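Quick note on labels: first sequence line is chain A, next is B, and so on, each numbered from 1. Computed from a predicted model, the values in this text were never measured in an experiment.
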Amino acid sequence: MPELPEVEVVRRGLANWVAGRTVADVQVLHPRAVRRQPAGAADFAARLTGTTLGAAQRRGKYLWVPLGGAGAGFSLIGHLGMSGQLLVQDPSVPDETHLRVRLRFADGGRELRFVDQRTFGGLAVEEAEEDDPEGTPLSIAHIARDPLDPRFDDGAFVAALRAKRTTVKRALLDQTLISGVGNIYADEALWRSKLHYERPTATLTRPQAALLLASARGVMTAALAVGGTSFDSLYVNVNGESGYFSRDLDAYGREHEPCRRCGTAIRRAPWMNRSSYFCPRCQRVPRAADGG
DNA sequence: CAGTGGCCCTGTCTGC
DNA sequence: TGCAGACAGGGCCACT
């Protein structure tokens, strides 16, 4: 599924292939793909048609494009969810099975297609923050910056994390605290930091919290470096087949495989209707949570 | 108000 | 062979 590196690749693709182009026609083929648009699919299409796309931006896994011309003051926002793809395709390419939205451009060139099998992703045209050159949509004002953002505040994050009364993996997935960290990166950051996913945040020392942040930033930086090279440059492509997952991950998806630090078999535990992968030796269960 | 848990969605895989 | 259920999981929202 698209993670932060793939989303960043998509952002770069949008910047390369659709920036400066004027939208001539919008087709919504599945209403759920624009469910964030309060007034519906027709309104989405009307707000987008005739606008000019600006420079693509990203925060965590959210993408957006400030709109110019008829769309000034608004942005096209997108989230890929689990299975979303934004493809720049020649109009002659047959429609994908799960094509949800199509944008045609006034120049008659390649069209932009939103393809999404599981429909957790979606697009919307939303009002942007006033006087913000990046056109940040109002609806994501509460989303924290991600650790690859130069304006991410490390000290504030460490303090806020330790002030939380929850467990550490929940906190890592809390988008108001830090964005861009999903289940995979959470497990990887915890493995690198030798922390159990149920460790209470209030018991983290300042150095442990700082190490956790450095670990999250490190794994995402490494993934971006690899993910950035595994896509066809002709497309704004998310093909879900990038190779770094199996090669570089230390915990996620490695149940029964040896821990790369100590050799102990990695375990998978059900957690929040998901899974947590961890080394039972390197990442000890906190006393309060191990039931004796 | 902060924290918690359920739900959305569909294709693939496993087990009976 | 066929069907049921588990699983993938980010973000929203109702509830405590």
Side-chain angles (χ1 to χ4, degrees), chain A residues 1-8 10-11 28-38 58-64 77-86 96-101 114-124 126 136-147 157 159-190 197-204 216 220 223 238-242 245-246 249 251-256 267-278 288-289:
Chain A
M1 73 294 304
E3 292 289 331
L4 188 147
E6 285 85 352
V7 177
E8 173 60 17
V10 170
R11 188 200 65 76
V28 177
L29 296 101
H30 195 304
R32 191 173 150 77
V34 294
R35 65 192 180 283
R36 284 176 64 126
Q37 195 76 40
R58 182 186 58 74
R59 181 179 295 183
K61 296 181 183 179
Y62 277 97
L63 281 166
W64 70 89
I77 185 171
H79 195 291
L80 301 177
M82 292 177 68
S83 53
Q85 301 176 303
L86 279 167
E96 293 76 9
T97 302
H98 302 292
L99 178 63
R100 308 304 191 194
V101 178
F114 179 65
V115 177
D116 190 10
Q117 178 204 102
R118 297 183 199 175
T119 70
F120 270 49
L123 305 177
E126 294 181 356
T136 307
L138 293 178
S139 70
I140 66 160
H142 66 291
I143 303 286
R145 295 186 181 277
D146 62 68
F157 170 77
L161 179 68
R162 298 177 70 229
K164 284 274 180 188
R165 292 296 178 271
T166 185
T167 49
V168 68
K169 185 168 174 179
R170 278 201 80 113
L172 280 176
L173 299 180
D174 180 348
Q175 61 183 333
T176 67
L177 200 58
I178 181 172
S179 69
V181 182
N183 200 41
I184 295 172
Y185 292 124
D187 282 0
E188 292 300 302
L190 289 166
Y197 57 94
E198 286 185 335
R199 174 70 176 268
T201 48
T203 70
L204 291 173
M220 289 201 284
V238 176
N239 57 26
E241 297 167 357
S242 56
F245 285 101
S246 56
L249 295 182
Y252 186 85
R254 298 192 68 241
E255 186 180 19
H256 304 316
R267 282 191 197 157
R268 181 178 74 88
W271 182 84
M272 294 283 298
N273 294 320
R274 291 174 175 76
S275 293
S276 274
Y277 295 87
F278 67 105

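- In this structure, the CE atom of A:Met82 is 11 Å from the C1' atom of B:dC8, given to the nearest Å.
- Remark: A:Arg267 CZ is loosely packed, at most 12 non-hydrogen atoms of other residues, nucleotides or ligands lying under 6.0 Å away.
- Among C:dC12, B:dG5, C:dA8, the nucleotide with an atom closest to any side-chain atom of A:His142 is C:dC12.
- OP1 or OP2 of B:dG3 sits under 4.0 Å from a side-chain N or O of A:Lys164.
- Side-chain proximity of A:Arg36 to the nucleotides C:dA8, C:dG11, C:dC12 is greatest for C:dC12.
- Base contact: A:Arg170 has a heavy atom under 4.0 Å from a base atom.
- Of the candidates C:dG11, B:dC9, B:dC7, B:dC9 carries the atom nearest the A:Arg32 side chain, counting heavy atoms from C-beta on.
- The residue among A:Ala163 and A:Asn273 whose nearest nucleotide of DNA chain B is located toward the 5' end is A:Ala163.
- When rounded to the nearest whole Å, the span between CD of A:Glu255 and P of C:dC7 equals 10 Å.
- Remark: side-chain polar atoms of A:Arg32 are paired, donor with acceptor, to backbone N or O of A:Thr119 under 3.5 angstrom.
- Across B:dC9, B:dG6, C:dG11, the shortest atom-to-atom separation from the side chain of A:His79 is found for C:dG11.
- Between the CE atom of A:Met272 and the P atom of C:dC7 there is a distance of 15 Å, given to the nearest Å.
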- Task: Under the side chain to side chain contact (heavy atoms under 4.5 Å, CB included) rule, what do A:Arg36 and A:Glu126 come out as? Steps first, then yes or no, please.
- Result: CA-CA 9 Å; A:Arg36 284 176 64 126; A:Glu126 294 181 356; 3.5 Å; yes
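- Note: CG (A:Leu177) to P (B:dC1) measures 18 Å, nearest angstrom.
- Side chains of A:Arg58 and A:Asp146 form a contact here, defined as non-hydrogen atoms less than 4.5 Å apart.
- Nearest to the side-chain atoms of A:Tyr62 among the listed nucleotides B:dG11, C:dC12, B:dC9 stands C:dC12.
- Of the candidates C:dG11, C:dA8, B:dG6, C:dA8 carries the atom nearest the A:Tyr277 side chain, counting heavy atoms from C-beta on.
- For A:Thr166 and B:dA2, the shortest distance from a side-chain N or O to OP1 or OP2 is not below 4.0 Å.
- Relative to the side chain of A:Thr119, the nucleotides B:dG11, B:dT4, B:dC9 differ in distance, and B:dC9 lies closest.
- In this entry the distance linking CG of A:Leu99 with P of B:dT10 reads 15 Å, nearest Å.
- In this structure, A:Arg35 reaches neither bases nor backbone, as no heavy-atom distance under 4.0 Å exists between it and the strands shown.
- Here the C1' atom of nucleotide B:dT4 and the CD atom of A:Gln175 are 15 Å apart, to the nearest Å.
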- Task: Give the C-alpha distance, both sets of side-chain angles, the deciding distance and a yes or no for side chain to side chain contact (heavy atoms under 4.5 Å, CB included) between A:Thr166 and A:Asp174.
- Result: CA-CA 11 Å; A:Thr166 185; A:Asp174 180 348; over 6 Å; no
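- In this structure, A:Thr97 and A:Arg165 both approach DNA chain B, and ranking their closest nucleotides by distance from the 5' end singles out A:Arg165.
- With distances taken from any side-chain atom of A:Arg268 to the nucleotides C:dC7, C:dG9, B:dG3, the minimum falls on C:dC7.
- Judged by distance alone, the side chain of A:Thr201 and the main-chain N or O of A:Lys164 form a donor-acceptor pair under 3.5 Å.
- Under the 3.5 Å distance criterion, the side-chain polar atoms of A:Ser83 are left unmatched by any main-chain donor or acceptor of A:Asp116.
- Within the structure, every side-chain polar atom (N or O) of A:Ser275 is placed at least 4.0 Å from both OP1 and OP2 of C:dC7.
- If you measure from atom CG of A:Asn183 to atom P of C:dC7, you get 13 Å, rounded to the nearest angstrom.
- The distance from the OG1 atom of A:Thr203 to the CZ atom of A:Arg162 is 9.5 Å, given to the nearest 0.5 Å.
- From one end of the helix from B:dA2-C:dT16 to B:dC16-C:dG2 to the other, with five pairs defining each end axis, the axis direction shifts by 50° (rounded to 10°).
- Spacing between atom CZ of A:Arg118 and atom P of C:dG11 amounts to 15 Å, rounded to whole angstrom units.
- Counting non-hydrogen atoms of neighbouring residues, nucleotides and ligands closer than 6.0 angstrom, the NE2 atom of A:His142 exceeds 12 such neighbours.
- Remark on DNA chain C: of its neighbouring residues A:Ser139 and A:Phe120, the 5'-side contact belongs to A:Phe120, judged by nearest-heavy-atom nucleotide.
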